Amino acid sequence: IRNKFFSSVAHSVFIKALFVVLLQVLFGLLGWGGLGLIISMVLALLVGNQQLINVFFKNRIINYRMIFNFSLKNYKNEKKRYINFPKYSMFSNLLNTISVQLPILFLTAFFSSSISGFFLLTYRVLNLPMALLGNAIGDAFVQRASEIKDDRDQLRQITWSLYRTLLLIGIVPVSVLFYFGEDLFAFVFGESWKMSGSFASVLSFWTLSVFICSPISNILFVKEKQQQGLIFQVAVFISRLVLFLLAVSMQFTAMDTVIYFGILGALLFFGLIVFLLVKIGVKLHKVLLYTLIIIMLGQFPIYLLSLWI
């Protein structure tokens, strides 16, 4: 990323995501179970990272001068400056991983493995564009934002521009998913997977908020505010845990649980987006008004189409 090999990074991410899905389906058909999942992940990492390894050696991305001019004093200064990266990011990533697994564990324990299977397929399908596009955009944004992090005006401009672009890219497919999710999943995966399509419909706007938030949240790392990222992950984890406990105590249906999960997620991630944009100088009313207009314009023709069909 520092050397601006964005196409190589994007290609690597795409290959890994594609190979994971294809190999997991293949090994699933062969009946390899958990071993197949492990093997597919290892093979996807090996194949996906091969291009990055080739780029590394071809362009000799090693700063030998830095190695040979090593200074213990400089090391201590850098260690003191960047200590927050591992200190906060490690726990933040751990909480994020647990939060991602919570709905699968909950749906399996309190409903059935088939319900969790429907949800898992939905999550995989919705997460694919985020893995392919969101991560690549995020890497490019981090590199550019790092160069101008002390220029508040430029940072505000590129972040606001990125937000508008991502919202425009995402609103139409999300609207289609919202109104036609069940039919789309039934057409692609078969009638037996309609439930996954229903889940996709109610999770569509959560997906949009995560898609936009994923690149923009890198501002926290650029501005060295990892502790705020940790606070957000704590809030996500606690709120999801409370939601699932309420779902058990109030005897929610599986669909009700997923609906509230989607609403909660959309509010949390959109809230973080708004917080970050306002923090760098974008006016709150500007963010809210633009978002509302684009959502209405993106939704309206798809809504009319749904009535016609």
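Keep in mind that what you see is a predicted model, and the values were worked out from it rather than measured. Start at 1 with the first residue, then count along the sequence.
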K.L.:
Grouping I, L, V, M, F, W and Y whenever their side-chain heavy atoms are under 4.5 Å apart, do Val100 and Phe211 come out in a common cluster?
P.N.:
yes
K.L.:
How far does CD of Gln228 sit from CD1 of Ile219, to the nearest 0.5 angstrom?
P.N.:
11.0 Å
K.L.:
For Tyr260 and Phe252, take the angle between the two ring planes, folded into 0 to 90°, and tell me which bin it lands in: parallel under 30, tilted 30 to 60, perpendicular over 60.
P.N.:
tilted
K.L.:
Any donor and acceptor pair, going by atom type alone, linking the side chain of Ser196 with main-chain N or O of Phe119 inside 3.5 Å?
P.N.:
no
K.L.:
Is the number of heavy atoms from other residues, nucleotides or ligands within 6.0 Å of OH (Tyr303) greater than 12?
P.N.:
no
K.L.:
Quick one, Val125 and Phe185 - any side-chain contact, counting heavy atoms below 4.5 Å?
P.N.:
yes
K.L.:
Do the non-hydrogen side-chain atoms of Thr291 and Phe270 ever get within less than 4.5 Å of each other?
P.N.:
yes
K.L.:
Is there a donor-acceptor contact under 3.5 Å from the side chain of Ser146 to the main chain of Val222?
P.N.:
no
K.L.:
Do Ser217 side-chain atoms and Ser214 backbone N/O form a donor-acceptor pair below 3.5 Å?
P.N.:
yes
K.L.:
Between Phe269 and Phe232, is the gap from one ring center to the other below 6.0 Å?
P.N.:
yes
K.L.:
Are Val142 and Phe221 side-chain neighbours, meaning at least one heavy-atom pair lies under 4.5 Å?
P.N.:
no
K.L.:
Are Leu289 and Leu168 in one and the same hydrophobic cluster, where Ile, Leu, Val, Met, Phe, Trp and Tyr link if side-chain heavy atoms are under 4.5 Å apart?
P.N.:
no
K.L.:
Can you classify the ring geometry of Phe110 versus Phe106 as parallel (below 30°), tilted (30 to 60°) or perpendicular (above 60°)?
P.N.:
tilted
K.L.:
Same cluster or not: Leu288 versus Leu292, using hydrophobic residues (I, L, V, M, F, W, Y) connected whenever any side-chain heavy atoms lie under 4.5 Å apart?
P.N.:
no
K.L.:
Would you compute the distance between atom CD of Gln101 and atom OG1 of Thr108 and round it to the nearest 0.5 angstrom?
P.N.:
10.0 Å
K.L.:
Start with the C-alpha distance between Lys286 and Trp160, add both sets of side-chain angles, then the distance that settles side-chain contact (heavy atoms from CB on, under 4.5 Å), and finish with yes or no.
P.N.:
CA-CA 10 Å; Lys286 186 178 181 180; Trp160 176 235; 3.5 Å; yes
K.L.:
Could you check if a side-chain atom of Leu95 sits within less than 4.5 angstrom of a side-chain atom of Leu230, using non-hydrogen atoms only?
P.N.:
yes
K.L.:
For the pair Leu284 and Leu277, evaluate side-chain contact (heavy atoms from CB on, under 4.5 Å) and give the outcome as yes or no after the intermediate values.
P.N.:
CA-CA 8 Å; Leu284 177 60; Leu277 290 173; over 6 Å; no
K.L.:
If you take the centroid of each ring, where Trp contributes its six-membered ring, are Phe199 and Phe118 closer together than 6.0 Å?
P.N.:
no
K.L.:
If you define the side chain from C-beta out and look only at heavy atoms, does anything of Leu208 sit under 4.5 Å from Leu167?
P.N.:
yes
K.L.:
Which atom pair, heavy atoms only, marks the closest approach of Ala145 to Leu155?
P.N.:
CB-CD1, 3.9 Å
K.L.:
Measure the shortest side-chain to side-chain distance between Val188 and Trp193 over non-hydrogen atoms and say whether it is less than 4.5 angstrom.
P.N.:
no
K.L.:
Please tell me whether Leu297 and Leu307 are part of a single hydrophobic cluster in this structure, the criterion being side-chain heavy atoms less than 4.5 Å apart.
P.N.:
no
K.L.:
Looking at every non-hydrogen atom in both residues, tell me the closest pair between Ser116 and Ile104 and how far apart they are.
P.N.:
CB-O, 3.9 Å
K.L.:
With side chains defined as the heavy atoms from C-beta onward, is the minimum distance between Ile158 and Phe141 less than 4.5 Å?
P.N.:
yes
K.L.:
Would you check, one step at a time, whether the test side-chain contact (heavy atoms from CB on, under 4.5 Å) holds for Lys223 with Ile280?
P.N.:
CA-CA 10 Å; Lys223 301 294 285 186; Ile280 61 172; 5.8 Å; no
K.L.:
Has Phe111 got more than 12 heavy atoms of other residues, nucleotides or ligands less than 6.0 Å from its CZ?
P.N.:
yes
K.L.:
Please determine whether the number of non-hydrogen atoms from other residues, nucleotides or ligands lying under 6.0 Å from atom CE of Met255 exceeds 12.
P.N.:
yes
K.L.:
Return the minimal non-hydrogen interatomic distance between Gly265 and Ser209, and the atom names on each side.
P.N.:
O-OG, 4.0 Å
K.L.:
When hydrophobic residues are tied together by side-chain contacts of less than 4.5 Å, even through go-betweens, does Ile231 share a cluster with Leu272?
P.N.:
no
K.L.:
Assess whether side-chain contact (heavy atoms from CB on, under 4.5 Å) is satisfied between Phe91 and Val234, documenting all intermediate values.
P.N.:
CA-CA 9 Å; Phe91 292 108; Val234 170; over 6 Å; no
K.L.:
Give, for atom CZ of Phe189 and atom CG of Leu121, the distance between the pair rounded to the nearest 0.5 Å.
P.N.:
4.5 Å
K.L.:
What is the minimum heavy-atom distance between Ile115 and Ala254, and which atoms define it?
P.N.:
CG2-CB, 3.9 Å
K.L.:
Any side-chain heavy atom of Phe205 sitting closer than 4.5 Å to one from Ile295?
P.N.:
yes
K.L.:
Kindly give the heavy-atom pair with the smallest separation between Ile302 and Ser175, and that separation in Å.
P.N.:
CG2-O, 3.6 Å
K.L.:
State whether the side chain of Ser161 and the backbone N or O of Gln157 hold a donor-acceptor pair below 3.5 Å, judged by distance alone.
P.N.:
no
K.L.:
Could you pull out the closest heavy-atom pair between Gly262 and Leu203, with the gap in Å?
P.N.:
CA-CD2, 3.5 Å
K.L.:
Nearest 0.5 Å please: distance from the CG atom of Leu166 over to the CG atom of Leu162.
P.N.:
4.5 Å
K.L.:
Going from CG on Leu264 to CZ on Arg240, what distance comes out if it is rounded to the nearest 0.5 angstrom?
P.N.:
7.5 Å
K.L.:
How many angstroms lie between atom SG of Cys213 and atom OH of Tyr163, to the nearest 0.5 angstrom?
P.N.:
10.5 Å
